[in-house]
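Let me begin by presenting the structure, written as structure tokens, before commenting on it.
The structure displayed is predicted, hence computed values, not measured ones. By convention here, the first residue in the shown sequence is residue 1.
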Amino acid sequence: MTNSSNLIDSLEVYTLSNPNEVKPHWVSHFIVPTANELLIKIKTKDGNSGFGMATSYTDITPLIKPFKNGLQDLIIGEDPFCPEKIYNKIFKLTDTKISSEKGWSREALIRISSAVDIACWDLIGKAANIPLYKLFGGFRNKVPVYVTCAYYRDGKDEKELRDELKKLIEIGHQSFKVKVGGLSIKEDAKRLEIIRDEIGSQKDLMIDVNRAWDLKTAIQGAKELKSLNPRWLEEPVRWSDDRRELKLLSQQTDIPLSGGESEITIYGCRSILEEQAIQILQFDCTMFGGFSGGKKLSALCELNHVDIAPHHDCFIHAHIVAASPSGLIVESFTDPERDPLQAELFENPPKIENGILYMNKEPGLGLKLSSDAVNKFGKKIN
């Protein structure tokens, strides 16, 4: 019989957004929000607690609505030590009458299920006094990290691009993911030549198209950019038939291909793997699947000889990457203007030095939320 003091007794929900205006960070065809996340805290009567986050690249309002008309009542009273059960309970609401009646969107429920799942695992790790990367497998205690940079900006010239890279090199970064697809291949190739010249031949260069190219352009782009020795080519083809086109592109290039962040479920990622077209899977536990789904994809990748390099939120995803032999690298955003949450949200962020992220020893996520940052970026929903 479950001890009632171990059940979820309270739930706090916040939206996290950037109160400061910044220059837009463009990828190939859209502006990336600098901060647009849902923060969920859970707590039991006996004092166990955890938090999780959900990332949204679209209007966050639909993620708020379920907490204004009853969703929390379906979570409070559940056992946080049974994360699979809670995840499935929320996820399965996507196909129910109640979600239609209350206006709970499918995307919102998927995001929320992920954040709650991460919060449950954080609580479990804290209660067990074990860091999650060890609870998940403990393959290593440090992971490589790359920096995403070289966004498009109106008026951005060669000097600004070089200055940006110089700062990142001075910090110690060894791997750089840069944006293409917003210009012609020849124009982007010139930008990439500047970047490769600045970082040198020994550091890793990853190329992110953000699904801007059709298949013919992707084949041409892979050929023309091959000389830059990219570590991978990310989301190179448009969304409409990307799984099949990834497979066709893989037959035309030996540049490793990556993708997965734009899927909405772990099943979409499974389908990409079934095409046998990519070498790196980039799922996002804060957008779909939570840690429960991320662990499954990590194991599936290991069995299919595919590496994992999760999208965004490096301090959260480091646990998945450090836990498994399939873990390759995590993504970071060193520029606080691009991602102020990475810079300010935690009092004790893991140390990043010379391209390596060193895992915290504290249990659970190993992260302590900064009350100042929550006050600055957060708006409490309930």
Q | Worked verdict on D307 versus S326 for side-chain hydrogen bond (donor to acceptor under 3.5 Å, both in side chains) | A | CA-CA 5 Å; D307 291 325; S326 62; over 6 Å; no

Q | S324 vs S298, side-chain hydrogen bond (donor to acceptor under 3.5 Å, both in side chains): CA-CA, chis, key distance, verdict | A | CA-CA 7 Å; S324 168; S298 177; 3.2 Å; yes

Q: Start with the C-alpha gap between T55 and N36, add the side-chain angles, then the distance that decides, and say whether side-chain hydrogen bond (donor to acceptor under 3.5 Å, both in side chains) holds.
A: CA-CA 6 Å; T55 302; N36 196 42; over 6 Å; no

Q: For the pair E331 and T148, evaluate side-chain hydrogen bond (donor to acceptor under 3.5 Å, both in side chains) and give the outcome as yes or no after the intermediate values.
A: CA-CA 7 Å; E331 178 176 25; T148 298; 2.5 Å; yes

(Q) Assess the residue pair R211 and D242 against the criterion (salt bridge (Lys or Arg N to Asp or Glu O under 4.0 Å)); give the C-alpha distance rounded to whole Å, side-chain angles, the decisive distance to 0.1 Å, and a yes or no. (A) CA-CA 8 Å; R211 303 164 106 187; D242 60 346; 3.1 Å; yes

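Aromatic ring centroids of H25 and Y152 lie 6.0 Å or more apart.
Shown here is K223, whose NZ atom has no more than 12 heavy atoms of other residues, nucleotides or ligands within 6.0 Å. Around CD of E21, the count of heavy atoms belonging to other residues, nucleotides or ligands within 6.0 Å does not exceed 12.
With sequence neighbours left out, the ring pair (Phe, Tyr, Trp, His ring centres under 6.0 Å) criterion links W213 to no other residue. For the ring pair (Phe, Tyr, Trp, His ring centres under 6.0 Å) test, no residue two or more places apart in sequence or in another chain qualifies with H317. In this structure K226 satisfies the side chain to side chain donor-acceptor pair (under 3.5 Å) test together with D254, sequence neighbours excluded.
Contact between G52 and A119 at its shortest, heavy atoms only, is N-CB, 3.5 Å. Listed here is the closest heavy atom pair of I207 and P230: CD1-CB, 3.7 Å. Minimum heavy-atom separation, L281 to G260: CD1-CA, 4.2 Å. Summarising the geometry of S105 relative to P62, their closest heavy-atom pair is OG-CB, 4.0 Å, with the distance given to 0.1 Å. Nearest approach of C149 to L168, heavy atoms of both residues: CB-CD1, 3.6 Å.
For the pair S10 and I42, the minimum side-chain heavy-atom distance is 4.5 Å or more. Side chains of I320 and Y133 form no contact here, defined as non-hydrogen atoms less than 4.5 Å apart. Contact annotation: the side chain of R191 approaches that of D188 to within less than 4.5 Å [non-hydrogen atoms, C-beta and beyond]. Side-chain contact check for V27 versus D208: every heavy-atom pair is 4.5 Å or farther apart.
Sorted by first and then second residue, the ring pair (Phe, Tyr, Trp, His ring centres under 6.0 Å) pairs involving residues 274-303 (not counting sequence neighbours) are F136-F291. Applying the salt bridge (charged side-chain N to carboxylate O under 4.0 Å, His left out) rule to pairs touching residues 108-129 yields E107-R111, D122-K126, sequence neighbours excluded. Applying the salt bridge (charged side-chain N to carboxylate O under 4.0 Å, His left out) test to every pair with at least one member in residues 277-306, sequence neighbours left out, gives these pairs: E84-K296. Among residues at least two apart or in separate chains, ring pair (Phe, Tyr, Trp, His ring centres under 6.0 Å) pairs with a member in residues 60-119 are Y87-F91. The list of salt bridge (charged side-chain N to carboxylate O under 4.0 Å, His left out) pairs with a residue in residues 32-52, not counting sequence neighbours, is empty. Sorted by first then second residue, the ring pair (Phe, Tyr, Trp, His ring centres under 6.0 Å) pairs that include residues 359-379, not counting sequence neighbours, number zero.
When atom types are taken as modelled, the side chain of N360 and the backbone of G366 share a donor-acceptor pair closer than 3.5 angstrom. Looking only at distances, no side-chain donor or acceptor of Q342 sits under 3.5 Å from a matching main-chain atom of C314. The closest donor-acceptor contact from the side chain of Q282 to the backbone of P310 lies at 3.5 Å or more, if one exists at all. Panel note: side chain D204, backbone R231; no donor-acceptor pair is recorded below 3.5 Å. Here the side chain of T96 pairs no donor or acceptor atom with the backbone of K92 at under 3.5 angstrom. Between the side chain of T253 and the backbone N or O of L249 there is no donor-acceptor pair closer than 3.5 Å. In this structure, E187 contributes its side chain and S184 its backbone to a donor-acceptor pair below 3.5 Å. The closest donor-acceptor contact from the side chain of E160 to the backbone of E158 lies at 3.5 Å or more, if one exists at all. One N or O on the side chain of T265 and one on the backbone of Y267 form a donor-acceptor pair closer than 3.5 Å. Looking only at distances, a side-chain donor or acceptor of K102 sits under 3.5 Å from a matching main-chain atom of N69.
In this structure, a donor-acceptor pair under 3.5 Å is absent between the side chains of T217 and Q220. Side chains of D59 and T61: a donor on one and an acceptor on the other come within 3.5 Å. Checking T286 against H312 by side-chain atom types alone, no donor-acceptor pair falls below 3.5 Å.
Alongside F139, the hydrophobic cluster contains no other residue (criterion: ILVMFWY side chains under 4.5 Å). Grouped with I356 in one hydrophobic cluster are Y358, the linkage being side-chain heavy-atom contacts under 4.5 Å among Ile, Leu, Val, Met, Phe, Trp and Tyr residues. Summarising the hydrophobic clusters (Ile, Leu, Val, Met, Phe, Trp, Tyr; side-chain heavy atoms under 4.5 Å, direct or chained), the residues clustered with I280 are Y146, M206, W232, L328, I329.
Between E263 and R243 there is a salt bridge, since a side-chain N of the basic residue sits under 4.0 Å from a carboxylate O of the acidic one. Under 4.0 Å is where a charged nitrogen must lie from a carboxylate oxygen, and between R162 and E198 at least one such pair does. A salt bridge is defined here as a Lys NZ or Arg NE, NH1 or NH2 lying under 4.0 Å from an Asp or Glu carboxylate O, and E337 with K23 fails to meet this definition. A salt bridge is defined here as a Lys NZ or Arg NE, NH1 or NH2 lying under 4.0 Å from an Asp or Glu carboxylate O, and D163 with K159 meets this definition.
Hydrophobic cluster membership is shared by I90 and I64, with clusters built from Ile, Leu, Val, Met, Phe, Trp and Tyr side chains linked at under 4.5 angstrom. In the hydrophobic clustering of this structure, I118 groups with L74; members are Ile, Leu, Val, Met, Phe, Trp, Tyr whose side-chain heavy atoms approach within less than 4.5 Å, directly or through other members. Cluster membership check: L135 shares its hydrophobic cluster with L123, using side-chain heavy-atom separations under 4.5 Å among Ile, Leu, Val, Met, Phe, Trp and Tyr. V32 and W26 are assigned to two separate hydrophobic clusters, defined by single-linkage of ILVMFWY side chains at heavy-atom distances under 4.5 Å. Transitive grouping of hydrophobic side chains (ILVMFWY, heavy atoms separated by less than 4.5 Å) keeps I60 and V22 in distinct clusters.
Distance CD1/I219 to CD/E245: 9.0 Å, rounded to 0.5 Å. In this structure, CD in Q276 is found 9.0 Å from CD in E274, a value given to the nearest 0.5 Å.
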